[in-house]
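Here the structure is laid out as structure tokens; the discussion comes afterwards.
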Amino acid sequence: MRIGVLGTGNMADALATHWVQAGHDVTIGGRDAHKAERLATRIGGNAKPGSLRAAAESGQVVLAALPFGAGIGVARDLHAALEGKVLLDCSNPVGPGFRLLTEGGPSAAQQLAAAAPGAHVVKAFNLCHEDVWRMRPPVFDGRPLVVPVCGDDETALVRVRELVRDMGCEPVAGGGLERAGLLEATAALFIALWVGEGADAQAIAPPLAYAAGPSHQEAEGGTEDFRQGFSVDTKPARESARHLQIMPEQHN
């Protein structure tokens, strides 16, 4: 696979290193040509330096390894080169006090999609520190790290799932791009727990077998009972389904 990387920082280094080792051709793009050359040289193999535009033009998948805000501006400038490409967003819009900078508005991934409307944006790789991504592979207690992936285009998701597996991780469906904001909010919470409280974020969730409590390990009621146990409001979904049944001609 041909991969373009926008950025020369730690995330670009960590992810691109794995992908080159997996046999992909990677173009490291940066505003600073010397930084791009140094990083490509350090990674070695099929990594080569270039400009931001060269990276965008060369990749079937383009990783936006840039801080929130900066990535949006770069995507806007390169929107023509990103047309039809998979644009992979690993940013976290987290500010001082571990505050989510996108609160009340579109997610960082959605803003990236708006800046490059012809690209297929996928959100992934935002829940861990770059040093976790440097692990070969990221395995904990014998289990590979699971990476949620959010996006709307199935072909793009297939490519990103391949890149997740090339890291030694396992991809898991996170839903459409409209759910990317949940990943970003999760990252803000985890960072606040890890950095602000020194707490083990992994300890806040029970194992899957106990997700609905010990009495539901072999639940007979299925998904509906599970949702009710979490006080999940199913009314909007029921109303939507009823609306579709009553007025199907509006959706032809």
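Just so it is clear, the model here is predicted, and its values are computed rather than measured. Starting from 1, each residue takes its place in the sequence as its number.
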Any side-chain heavy-atom pair of Met167 and Leu145 under 4.5 Å: no
Spacing of NE2 belonging to His18 relative to CH2 belonging to Trp133, to within rounding of 0.5 Å: 9.0 Å
Approximate separation, where rounding is to 0.5 Å, of Leu52 CG and Leu78 CG: 6.5 Å
Salt bridge present between Asp89 and Lys123 (N-O < 4.0 angstrom): yes
Leu6 CG to Leu88 CG distance, which is reported to the nearest 0.5 Å: 10.5 Å
For Phe190, ring pair (Phe, Tyr, Trp, His ring centres under 6.0 Å) partners two or more places apart: Trp194
Partners passing salt bridge (Lys or Arg N to Asp or Glu O under 4.0 Å) against Asp131 (at least two apart in sequence or in another chain): Arg134
Side-chain heavy-atom pair Phe68, Thr102 within 4.5 angstrom cut-off: yes
Donor-acceptor under 3.5 Å (His79 side chain, Arg76 main chain): yes
Residue pair Val147 / Pro171, side-chain heavy-atom distance below 4.5 Å: no
Gln21 atom CD, over 12 foreign heavy atoms within 6.0 Å: yes
Glu162 side chain near His24 side chain, heavy-atom distance below 4.5 Å: yes
Any side-chain heavy-atom pair of Val74 and Arg31 under 4.5 Å: yes
Atom pair CD1 (Ile191) and SG (Cys128), whose distance is rounded to the nearest 0.5 Å: 10.0 Å
Side-chain donor/acceptor of Asn126 to backbone N/O of Ala187, under 3.5 Å: no
Salt-bridge contact Arg161-Glu154 (side-chain N to carboxylate O under 4.0 Å): yes
Residues forming a side chain to side chain donor-acceptor pair (under 3.5 Å) with Gln111, sequence neighbours excluded: none
Non-hydrogen side-chain atoms of Asp13 and Ile43 separated by less than 4.5 Å: yes
Leu157 with Met1, same ILVMFWY side-chain cluster at under 4.5 Å: yes
Residues, nucleotides or ligands: over 12 heavy atoms within 6.0 Å of Leu208 CG: no
Distance (rounded to the nearest 0.5 Å) between Asn10 CG and Glu130 CD: 4.0 Å
Student check: side-chain heavy atoms of Asp25 and Lys48 closer than 4.5 Å: no
Side chain to side chain, Val5 and Leu39, heavy atoms closer than 4.5 Å: no
Separation between CD1 of Ile3 and CG of Leu63, rounded to the nearest 0.5 Å: 8.5 Å
